[in-house]
Amino acid sequence: MAKTEPTRTDPTVSEDERITPQLWGLSVILTLGGVMSMFTSTVVNVALGAVGEELGASLGTTQWIASGYLIAQATMIPVSGWASRRYGATRLWLVCVALFAGFSALCAAATSIEALIAFRVLQGLSGGLLVPAGQILFAVAAGPKRLGRMMSVLSIPIYLAPVLGTLFGSLLADGLGWQWMFLVNVPIAVISLATGLRWLPRETAREAPPMDWPGLALVMTGLPALVYGVSQLGESGGSAGALPLVLVIAGAVLLTGFVLRALRARTPLLNLRLFKDAAFSSAAVVIFCMGVALFGAMIVLPEYYLRARHESLVDTGLLTAPLALGTVAALPLAGWFTDRIGGARVILTGLIVTIVGTVPLALIGAQDSYWWLSAVQVVRGCGIGLTTTPALATGLVMVPKEQIPHAMPIFNMLQRIGGSCGTSILTALLAHRIATGPDTPAHAAAAVAHTHWWIVAITAAVVIPSIILVRLEARRRRTAATASPAVA
């Protein structure tokens with residue numbers, strides 16, 4: 001009879017800590033799907049003018065190609081937890097990949113702006129379920145002792161794909177035509193679908209609670225209204241009239257109604273009672289605030305290169321790429337340390353590194369060296385990589401396995417709303433600062449520097465919940481260590 005071979009593995013590493021080839025394969029498959037969804041979120045931004053010119057539409061109409069996709073994505077995030085429980089995360093992921101490919105092809109075949117926007121919204125609906133379903137599947141398969149390392153792998157497309165989308169979007173639109181910005185998704189989806197059907201884990205059917213239809217109606221109207229209203233306020237700098245403000249207020253009221261219902265309902269769409277746990281709440285605050293600082297800052301620095309240095313859009317994309325590269329480089333290290341020493345201390349370290357990398361941008365001038373600015377962005381990116389993914393992993397470790405389909409959409413919603421709020425607030429601050437002085441490179445650089453001081457302040461404020469998280473995590477680890485001998 002064959003015997004086990006303990007000499008083939010490190011005896012100091014337990015079975016639930018070892019990353020198996022199956023998990024690495026799972027990460028590759030799910031990362032492909034994540035890259036596809038996130039890449040598409042920014043790939044069209046650089047070609048809106050070309051699309052509008054060919055289809056005979058104004059820029060105000062063509063911007064819905066981008067906005068409609070993002071709003072549709074945000075709308076489906078709360079549904080992802082229920083859909084994963086009802087149909088299984090693997091089945092949901094595979095269906096979404098197939099739908100995403102189909103809608104991408106339809107976008108490329110569209111002959112009118114109305115059809116393109118409609119297909120783009122449908123693409124966003126499938127993409128909005130695709131990433132959370134993959135994260136849920138990943139988190140359940142990895143388990144708490146491997147979650148930090150494995151979630152860092154799945155986070156790569158979140159930070160890298162938007163940058164690649166901006167760069168490749170301009171190249172595809174100029175070289176092959178705007179249709180290829182959508183057609184490029186089809187082969188990626190085919191590969192993802194083929195490998196997923198072959199290697200993703202098969203789940204047994206589970207009985208899901210009935211759908212909370214009133215809660216669904218509240219969140220599917222409130223979240224898009226809030227996200228779009230906030231984004232419009234930011235893009236217009238407050239000059240778009242009363243409609244964006246009305247949407248923000250309406251969205252806030254509807255989401256408040258959703259929260260009240262979720263706290264009272266027997267089977268809520270999202271289990272908001274998870275916020276009673278102080279550690280989960282602290283991780284949620286970190287994720288929201290870093291969404292403000294991260295995605296808001298992604299709008300500010302490009303304005304420096306465009307306004308103060310008069311660079312082209314493609315060159316600006318290349319000059320801001322070091323931020324994403326630093327983030328991606330830090331993710332594996334962040335995951336390893338999260339699993340070894342706990343995510344809270346990694347988060348605190350990441351916040352300090354992020355502040356160190358942001359302060360030089362708050363002192364930026366009109367003639368600063370591009371090499372210096374690139375190095376600063378790498379440092380800031382490393383800090384972000386050491387903060388956001390460990391916060392997600394730490395929050396998920398704090399909940400029972402069966403609550404992950406509830407926790408993951410909550411974190412995704414908070415990051416999305418934080419990003420929208422950050423974009424709106426920081427863009428408005430920058431626009432106001434620019435409007436108060438002459439149209440010169442020096443003044444534009446000073447406005448960008450001033451806005452980065454706000455980013456420093458927001459990041460510094462996150463230190464407080466991160467310190468709370470360090471203490472709570474240390475207490476839990478001591479409790480687990482004390483209980484282990486008794487269990488054994």
Side-chain angles (χ1 to χ4, degrees), residues 38-39 42-43 45-47 156-175 290 293-331 333 350-388 419 422-423 426-427 429-431 433-434 437-459:
M38 298 304 297
F39 176 87
T42 57
V43 71
N45 292 352
V46 296
I156 290 175
I158 295 177
Y159 303 106
L160 187 58
V163 176
L164 295 178
T166 301
L167 295 176
F168 281 96
S170 60
L171 296 175
L172 289 170
D174 289 341
M290 289 308 294
L294 169 62
F295 293 102
M298 290 175 69
I299 300 294
V300 177
L301 190 58
E303 290 297 315
Y304 168 79
Y305 289 112
L306 292 169
R307 293 175 179 269
R309 309 301 286 265
H310 302 295
E311 298 290 350
S312 68
L313 186 61
V314 174
D315 288 342
T316 296
L318 291 170
L319 289 166
T320 54
L323 176 69
L325 297 178
T327 303
V328 171
L331 285 174
L333 188 64
L351 288 172
I352 295 171
V353 175
T354 303
I355 293 171
V356 169
T358 308
V359 168
L361 298 177
L363 301 171
I364 199 168
Q367 300 297 326
D368 285 9
S369 165
Y370 283 175
W371 288 108
W372 164 248
L373 294 176
S374 296
V376 166
Q377 288 184 76
V378 170
V379 172
R380 187 171 188 274
C382 288
I384 291 169
L386 292 171
T387 304
T388 49
T423 300
L426 295 175
T427 303
L429 287 169
L430 179 62
R433 192 74 177 185
I434 289 175
D439 185 14
T440 62
H443 179 69
V448 170
H450 172 80
T451 308
H452 273 101
W453 278 120
W454 284 93
I455 298 172
V456 170
I458 294 169
T459 308

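Sequential numbering from 1 along the given sequence is applied to the chain's residues.
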So [Y] and [X], do their side chains get closer than 4.5 Å, heavy atoms only?
X: L426; Y: W454; answer: yes
X: L373; Y: L361; answer: yes
X: R380; Y: P360; answer: no
X: I364; Y: H452; answer: no
X: L325; Y: V378; answer: no

How close do [X] and [Y] get, counting heavy atoms only, and between which atoms?
X: H310; Y: R307; value: CE1-O, 3.2 Å
X: P302; Y: T320; value: CG-CG2, 4.1 Å
X: T358; Y: T354; value: OG1-O, 2.6 Å
X: G385; Y: A330; value: CA-CB, 4.3 Å
X: Y304; Y: A445; value: CE1-CB, 3.9 Å
X: A449; Y: A362; value: CB-O, 3.3 Å

Within this structure, what is the CG-OG1 distance for the pair L429 and T451, rounded to the nearest 0.5 Å?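 The distance works out to 6.0 Å.
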
Can you tell me how far the CD1 atom of I455 sits from the CD1 atom of I355, to the nearest 0.5 Å?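 Spacing of CD1 (I455) from CD1 (I355) equals 12.0 Å.
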
With respect to L323, which candidate in V379, V328, I384, L301 satisfies the side chain to side chain contact (heavy atoms under 4.5 Å, CB included) definition?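 The side chain to side chain contact (heavy atoms under 4.5 Å, CB included) with L323 is passed solely by I384 among V379, V328, I384, L301.
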
Please determine which of R309, Q377, E311 meets the side chain to side chain contact (heavy atoms under 4.5 Å, CB included) test together with L319.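 Single side chain to side chain contact (heavy atoms under 4.5 Å, CB included) partner of L319 among R309, Q377, E311: E311.
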
Under the side chain to side chain donor-acceptor pair (under 3.5 Å) rule, what pairs show up with a residue in residues 438-448, not counting sequence neighbours?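 Qualifying pairs: none.
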
